[in-house]
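Take a look at the structure below.
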Amino acid sequence: MREALIVFFALMLAFFLVTHYTPQAEYYEYKGKLRAYSLYAELESIEPRALIYARYKVDSFLYSMNNTACNVLPKIDGNEFREMIASDLSNKAFLPSIDLSFEAFETRGGEKGYFGEKCRNGGIGFTAKGKVGIEDGLTGIKGERNIDAMGCGITAYYRMKRMLDWLERDIKNAVSKCSLEGELSTSKYNLSAFFSCLKEAVAEIRKEYSSDLELKINYSYFYWFEDEKPRVYLHLYITLKDPYALIIAKGREYKGFVCLREMEIGS
């Protein structure tokens, strides 16, 4: 009888040890769940972080272009983002695989960004596209996400650049037209007719380009005579302002954005 009881209790002890976790096993299970949750959270955060990075690069670009000729188009280099994410995840014992590309483009107005922002006509939009993967270096857990998201700023940079390019073209055409009207290339020149024509042409251009952007055109001139024919030198200053622009850079918000162009024309 005693031998039977010993065998019974031995079997019960073995059953308990096999079917019940030790405190150490429970700890590792808990730790594994935490790592899985952390990996999931990191994966879910990469898409918004990518768009925040893209907006940061766009705002940095606009900050550098404010009060300049605005003759450069924006580009978004993703290398800095990839390095930043890789470093951050590596410090948490995660092994990242990041294949993301960023692109800046012109918004048409009416689009809606990732964070609910409304895009503006002629503004800068940005996309983040690709695939990211994370592997937990401690547990071997893996996860992947496909990313395809878009955001935008409200500064009408593309529209401003295009308008300035058109303004330069139209002003050159106006000066050429007024030179003919004033007969500056002949001995029958009429400087009064030339300057009157130029004044009317600039006023017409201002009216034609009237919009939510603020346009100013100023010019100075001097003239001299060469072989009894007048020569006119014009120096034009074009200021185009977006009063609704908003840039976040250097830890501050900057309202308003200005593009400046100078033109020198001789006739």
Does F257 have its ring centroid less than 6.0 Å away from the ring centroid of Y244?
no
Ring centres under 6.0 angstrom apart (F102, F81)
yes
Under 4.5 Å between side-chain heavy atoms, hopping through other hydrophobics if needed: is there a path connecting Y56 to M84?
yes
Which atom pair, heavy atoms only, marks the closest approach of G123 to Y158?
O-CD1, 3.3 Å
Do L260 and L73 share a hydrophobic cluster (ILVMFWY, side-chain heavy atoms under 4.5 Å, transitive)?
no
Would you say Y254 and I52 are hydrophobically clustered, going by side-chain heavy atoms of ILVMFWY under 4.5 Å?
yes
One pair to check against side chain to side chain contact (heavy atoms under 4.5 Å, CB included): S211 and M163. What are the steps and the verdict?
CA-CA 11 Å; S211 67; M163 187 181 292; 4.0 Å; yes
D136 vs T139, test: side chain to side chain donor-acceptor pair (under 3.5 Å). Steps then yes/no.
CA-CA 6 Å; D136 186 355; T139 65; 2.8 Å; yes
If only atom types and distance count, is the side chain of S90 paired as donor or acceptor with the main-chain N or O of A86 below 3.5 Å?
yes
Worked check of side chain to side chain contact (heavy atoms under 4.5 Å, CB included) between D170 and Y209:
CA-CA 11 Å; D170 290 352; Y209 284 93; 2.6 Å; yes
Flag side-chain contact, heavy atom, 4.5 Å: L234 against V232
yes
Check each of F61, Y63, F126 against Y157 using the ring-ring contact (aromatic ring centres under 6.0 Å, His included) test, and report the only one that passes.
F61
Would you please classify the geometry between the F225 ring and the Y223 ring as parallel, tilted or perpendicular, with 30° and 60° separating the classes?
perpendicular
Side chains of L100 and V132: does their closest heavy-atom pair fall under 4.5 Å?
yes
